[in-house]
K.L.:
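Before I ask anything, let me first share the structure, which is written out below as structure tokens.
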Amino acid sequence: MSDNDSPLERHVILGTHVNSLDYEAAVVRVLAWAHEGESRYVCAANVHMVMEGWDSAGFSDVVNAADLVLPDGVPIVVALRCLGIRSASRVYGPEFALRVSRIASREGVPVGLYGGTPTTLNRVQVFLEDKFPDIRIVCKIAPPFRSLTKEEDEAYARQIKDSGARILFVGIGCPRQEKWMHAHRERIPTVMIGVGAAFDFFAGTVRQAPRWLSAIGLEWLFRLAMEPRRLWKRYVKHNPRFVLLTIRQMINRQKPLLPNRSARMSTLDGKPHRDPQ
């Protein structure tokens with residue numbers, strides 16, 4: 001068994017399994033899968049994703065079934081270190097996408113884009129081709145912002161397969177993109193990578209937080225300032241609970257904190273909430 005086929009150690013944060021590895025190791029693994037034409041999917045875990053998994057057993061299963069779960073958010077890295085994983089380092093989704101694109105262009109691995117609008121995808125293509133002139137973008141799909149019909153979904157899957165893309169960047173937002181990748185594993189021979197807002201960053205339609213702000217874990221505050229109407233509910237709902245629940249897990253390290261799916265008491269309002277199906 002090669003290093004790229006060996007099982008990855010996973011650490012549990014509030015029921016979500018996260019791999020602790022650096023950019024280089026993650027890129028090497030993804031490119032090895034791509035060269036073999038394997039159907040895999042990669043998630044980039046941040047507070048939003050972990051808390052969506054905490055609130056939904058179904059979504060937790062989707063993330064935990066991924067072939068690779070990257071420690072995307074600084075709070076995730078801090079949590080890993082506090083839980084004893086001192087070597088944990090951030091693998092930021094948009095930066096990871098760029099590093100994968102660089103090696104894919106060098107090694108002639110065809111790339112596809114799934115998500116956003118046609119205008120956004122055109123800008124993303126220009127951006128990537130400007131940075132990596134040899135990159136081969138063989139597929140661009142901007143699905144509608146609604147549930148797909150069975151016929152539409154099958155047509156898109158066929159288009160991706162026929163394009164020959166071996167790496168597919170999926171930017172339709174959490175939790176939708178993770179569910180889509182899970183549903184299409186084994187259906188398309190490509191490595192699917194959930195990139196969240198990366199398409200908007202690359203296209204220049206959404207400003208990216210300054211590096212110094214991201215480094216201290218306050219990227220969420222910058223994004224909230226940029227898109228308050230869209231993001232305020234997410235951060236108010238998830239961030240305080242993540243902090244409180246992670247502290248509880250750190251206090252009881254011998255027994256990873258797992259959600260009570262039948263009727264969990266909210267740490268914010270003290271009321272029972274059923275797990276959404």
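Hydrogens, waters and symmetry mates are skipped; everything else that's a heavy atom, side chains included, is used. On a predicted model such as this, the values are computed, not experimentally measured, just so you know.
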K.L.:
Using distance only, find each side-chain donor-acceptor pair of residues 193-203 under 3.5 Å and give its atom names and separation, not counting sequence neighbours.
P.N.:
| residue | atom | partner | partner atom | Å |
| --- | --- | --- | --- | --- |
| Asp200 | OD1 | Thr205 | OG1 | 3.1 |

K.L.:
Quick one: closest heavy-atom pair of Ala26 and Leu68, and the distance?
P.N.:
CB-CD2, 4.2 Å

K.L.:
Quick test of your reading: applying ring-ring contact (aromatic ring centres under 6.0 Å, His included), list the pairs with at least one residue in residues 146-172, sequence neighbours left out, ordered by first then second residue.
P.N.:
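Pairs touching residues 146-172 that pass the test: none.
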
K.L.:
For Arg123, does the CZ atom have more than 12 heavy-atom neighbours from other residues, nucleotides or ligands under 6.0 Å away?
P.N.:
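Counting neighbours around CZ of Arg123, 12 or fewer heavy atoms of other residues, nucleotides or ligands fall under 6.0 Å, so no.
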
K.L.:
CZ/Arg158 to CG/Asp153 distance, rounded to the nearest 0.5 angstrom?
P.N.:
10.5 Å

K.L.:
Val243 and Val50: same hydrophobic cluster, using ILVMFWY side-chain contacts below 4.5 Å?
P.N.:
yes

K.L.:
Do Leu245 and Val77 share a hydrophobic cluster, counting only Ile, Leu, Val, Met, Phe, Trp and Tyr and linking them when any side-chain heavy atoms are less than 4.5 Å apart?
P.N.:
no

K.L.:
Atom SG of Cys43 and atom CG of Asp72: how far apart are they, to the nearest 0.5 Å?
P.N.:
11.0 Å

K.L.:
Cluster question for you: counting only ILVMFWY and a side-chain heavy-atom cut-off of under 4.5 Å, with indirect links fine, are Val126 and Ile141 together?
P.N.:
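Val126 does not cluster with Ile141.
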
K.L.:
Taking all non-hydrogen atoms of both residues, which atom of Asp67 and which atom of Leu8 are closest, and how far apart?
P.N.:
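Answer, listing the atom of Asp67 first, then Leu8: O-CD1, 4.3 Å.
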
K.L.:
Are any non-hydrogen side-chain atoms of Ile137 and Phe132 less than 4.5 angstrom apart?
P.N.:
no

K.L.:
Between His238 and Asp55, does the side-chain contact (heavy atoms from CB on, under 4.5 Å) criterion hold? Intermediate values first, please.
P.N.:
CA-CA 10 Å; His238 291 325; Asp55 290 334; 3.8 Å; yes

K.L.:
May I have the step-by-step check of side-chain contact (heavy atoms from CB on, under 4.5 Å) for Met49 and Phe59, ending in yes or no?
P.N.:
CA-CA 9 Å; Met49 183 179 295; Phe59 183 65; 3.9 Å; yes

K.L.:
Could you walk me through whether Tyr41 and Val170 satisfy the side-chain contact (heavy atoms from CB on, under 4.5 Å) test, starting with their C-alpha distance in whole Å, then the side-chain angles of each, then the deciding distance to 0.1 Å, before giving a yes or no?
P.N.:
CA-CA 10 Å; Tyr41 72 97; Val170 182; over 6 Å; no

K.L.:
Counting only N and O atoms by type, is there a donor-acceptor contact under 3.5 Å from the side chain of Asn122 to the main-chain atoms of Pro118?
P.N.:
yes

K.L.:
Starting from the C-alpha separation in whole Å, work towards a yes-or-no answer on salt bridge (Lys or Arg N to Asp or Glu O under 4.0 Å) for Arg99 and Glu95.
P.N.:
CA-CA 6 Å; Arg99 296 191 185 208; Glu95 175 64 22; 2.9 Å; yes

K.L.:
Is it the case that the side chain of Glu178 and the backbone of Val62 share a donor-acceptor pair, with hydrogens and angles ignored and the cut-off at 3.5 Å?
P.N.:
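A pair under 3.5 Å: no.
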
K.L.:
Supply the atom-to-atom distance Trp180 CH2 to Met192 CE, rounded to the nearest 0.5 angstrom.
P.N.:
6.0 Å

K.L.:
Arg136 side chain to Gly108 main-chain N or O, any donor-acceptor pair under 3.5 Å?
P.N.:
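Yes; at least one donor-acceptor contact below 3.5 Å.
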
K.L.:
If you compare all heavy atoms of Asn64 against all heavy atoms of His17, which two are closest, and at what distance to 0.1 Å?
P.N.:
OD1-N, 2.8 Å

K.L.:
Give a yes or no answer on whether the side chain of Arg86 reaches the backbone of Arg81 with a donor-acceptor pair at less than 3.5 Å.
P.N.:
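Between the backbone of Arg81 and the side chain of Arg86 there is a qualifying donor-acceptor contact (under 3.5 Å).
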
K.L.:
Looking only at non-hydrogen atoms, find the nearest pair between Pro189 and Ser39 and report the distance.
P.N.:
CA-CB, 4.4 Å

K.L.:
Salt bridge check, Arg166 against Glu107: does any charged N sit closer than 4.0 Å to a carboxylate O?
P.N.:
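Answer for the salt bridge query: no.
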
K.L.:
Nearest heavy-atom pair of Thr190 and Leu168: which atoms, and what distance?
P.N.:
OG1-N, 3.4 Å

K.L.:
Between Glu52 and His48, is there a side-chain donor-acceptor contact under 3.5 Å, judged purely by atom types and distance?
P.N.:
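A donor-acceptor contact under 3.5 Å links the two side chains.
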
K.L.:
Applying the 4.5 Å side-chain criterion to the ILVMFWY set and letting contacts propagate, would Val138 and Val109 be lumped into a single cluster?
P.N.:
no

K.L.:
Indicate if Met181 and Phe145 have the same hydrophobic cluster label, given that clusters are the connected sets of ILVMFWY residues with side-chain heavy-atom separations under 4.5 angstrom.
P.N.:
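In one cluster: no.
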
K.L.:
Rounded at 0.5 Å granularity, tell me how far CE in Met51 sits from CG in Asn239.
P.N.:
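If we round to the nearest 0.5 Å, Met51:CE and Asn239:CG are 9.0 Å apart.
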
K.L.:
What pair of heavy atoms forms the shortest contact from Pro71 to Leu80, and how long is it?
P.N.:
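Pro71 and Leu80 have their closest heavy atoms at CB-CD1, 4.1 Å.
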
K.L.:
With a 3.5 Å distance limit and no angle check, can you tell me whether Glu152 reaches the backbone of Pro143 through a side-chain donor-acceptor pair?
P.N.:
no

K.L.:
What distance do Ile188 atom CD1 and Lys161 atom NZ have between them, rounded to the nearest 0.5 Å?
P.N.:
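Spacing of CD1 (Ile188) from NZ (Lys161) equals 10.0 Å.
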
K.L.:
Hey, mind stepping through Ser20 and His11 against side-chain contact (heavy atoms from CB on, under 4.5 Å) and telling me if it holds?
P.N.:
CA-CA 8 Å; Ser20 179; His11 311 283; 3.8 Å; yes

K.L.:
Could you grab the distance from atom CG of Leu98 to atom CD1 of Ile103, nearest 0.5 Å is fine?
P.N.:
11.5 Å

